[in-house]
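Have a look at the structure below, then the notes.
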Amino acid sequence: MATRILIADDHPIVLAGIRDVLAGELDLEIVGEASDPATLIELMTRMRPQAVITDYSMPGGDHFGDGIKLISFLHRSFPETRLLVLTMVSNPSLVAAMYAAGAGGVVLKSHGLGKLVQALRVVLADRAYRPPELLPVAAKQPSDADAVRARLSPRELEVIRLFIGGMSVGDIARRLQRSAKTVSTQKISAMRKLGVESDQALIEYCLQASLFA
């Protein structure tokens with residue numbers, strides 16, 4: 001039985017390119033196409049594909065969002081589906097955030113679609129596809145993961161784990177039944193202890209340290 005694939009992009013020419021690349025793969029079947037987040041999620045709910053190839057940013061995401069928010073939603077809602085993200089973004093911090101939110105792989109559109117089949121097969125094998133040019137580079141090299149965890153209180157560690165998993169401060173507050181102000185304070189305290197000054201730097205640091213691997 002062929003592996004079911006959904007593809008999503010708001011540019012018809014990109015969808016056509018993906019179809020062309022996958023056309024020669026007899027064990028892969030495109031079972032649906034979407035040009036906005038709402039259609040993608042409706043198709044995923046109905047088709048339950050093994051993998052999704054989706055653009056990082058699509059219009060029409062007012063309800064579900066796009067970018068990191070959409071990746072995180074898809075990862076939480078359809079954990080059995082592997083996510084491969086197509087993007088023009090090459091900023092290491094944003095790429096790191098995509099992986100942290102649940103992307104199994106990232107392919108740069110600017111590099112063409114030549115690596116698409118390879119990337120898809122890697123994520124279908126439940127491995128992360130991380131091209132060397134897209135590996136995150138942390139501003140500071142973290143030490144051993146256990147040593148990093150020891151710097152944080154259990155509550156700070158819990159907040160950071162959920163944040164790295166793609167949840168917002170408000171989402172974390174509701175999950176942990178704490179006030180948003182308390183969660184924000186704990187997040188800021190953890191960032192200070194780890195020596196990072198931005199959300200992107202925090203994500204990169206935790207990925208480099210394999211803090212929640």
Hey, does the Lys NZ or Arg CZ of R48 hover above the aromatic six-ring of F78, less than 6.0 Å from the centre and inside 45° of the axis?
no
Rounded to the nearest 0.5 Å, how far apart are [atom1] of [X] and [atom2] of [Y]?
| X | Y | atom1 | atom2 | result |
| --- | --- | --- | --- | --- |
| I172 | Q177 | CD1 | CD | 14.5 Å |
| S168 | L162 | OG | CG | 10.5 Å |
| L86 | I18 | CG | CD1 | 5.0 Å |
| I53 | L83 | CD1 | CG | 11.0 Å |
| R4 | M1 | CZ | CE | 7.5 Å |
| E29 | T3 | CD | OG1 | 9.5 Å |

Using a 4.5 Å cut-off on heavy atoms from C-beta on, say whether the side chain of [Y] contacts that of [X].
| X | Y | answer |
| --- | --- | --- |
| P49 | I5 | no |
| H75 | P79 | no |
| L194 | M191 | no |
| I30 | L6 | no |
| K187 | D199 | yes |
| L124 | L28 | yes |
| V117 | V21 | yes |

Looking at [X] and [Y], what are the two nearest heavy atoms and their distance?
| X | Y | value |
| --- | --- | --- |
| V107 | A119 | CG2-CB, 3.7 Å |
| M98 | I68 | N-CD1, 3.6 Å |
| T81 | M44 | CG2-CE, 3.8 Å |
| L120 | A51 | CD1-CB, 3.8 Å |
| P37 | P59 | CD-O, 3.3 Å |

According to salt bridge (Lys or Arg N to Asp or Glu O under 4.0 Å), who are the partners of D171, at least two apart in sequence or on a separate chain?
R174
With sequence neighbours excluded, tell me which residues meet salt bridge (Lys or Arg N to Asp or Glu O under 4.0 Å) with R121.
E25, D27
Residue R178 excluded, over 12 heavy atoms near CZ under 6.0 Å
yes
If you draw a 6.0 Å radius around CZ in R175, do more than 12 non-hydrogen atoms from other residues or ligands fall strictly inside?
no
Partner residues of [X] under the side-chain contact (heavy atoms from CB on, under 4.5 Å) criterion, sequence neighbours left out:
| X | result |
| --- | --- |
| A34 | A8, T39, L40, L43 |
| A190 | L152, E156, I160 |
| S77 | F73 |
| M88 | K109, S110 |

Pair I71-T54, side-chain contact (heavy atoms from CB on, under 4.5 Å): steps then yes or no:
CA-CA 9 Å; I71 295 170; T54 180; 5.6 Å; no
Checking T182 against T185: is there a side-chain donor and acceptor pair closer than 3.5 Å?
no
Apply side-chain contact (heavy atoms from CB on, under 4.5 Å) to V106 and L84, showing your working.
CA-CA 6 Å; V106 177; L84 184 60; over 6 Å; no
Under 3.5 Å, is there a donor-acceptor pair between the side chain of T45 and the main chain of I41?
yes
Under 3.5 Å, side chain of Y99 to main-chain N/O of Y129, donor-acceptor pair present?
yes
Are L202 and I188 connected, step by step, through hydrophobic side chains (Ile, Leu, Val, Met, Phe, Trp, Tyr) whose heavy atoms are closer than 4.5 Å?
no
State plainly whether one hydrophobic cluster holds both I7 and I13, where clusters connect Ile, Leu, Val, Met, Phe, Trp and Tyr through side-chain heavy atoms under 4.5 angstrom apart.
yes
side-chain contact (heavy atoms from CB on, under 4.5 Å) evaluation trace for L176 with E158
CA-CA 9 Å; L176 302 180; E158 187 175 32; 3.4 Å; yes
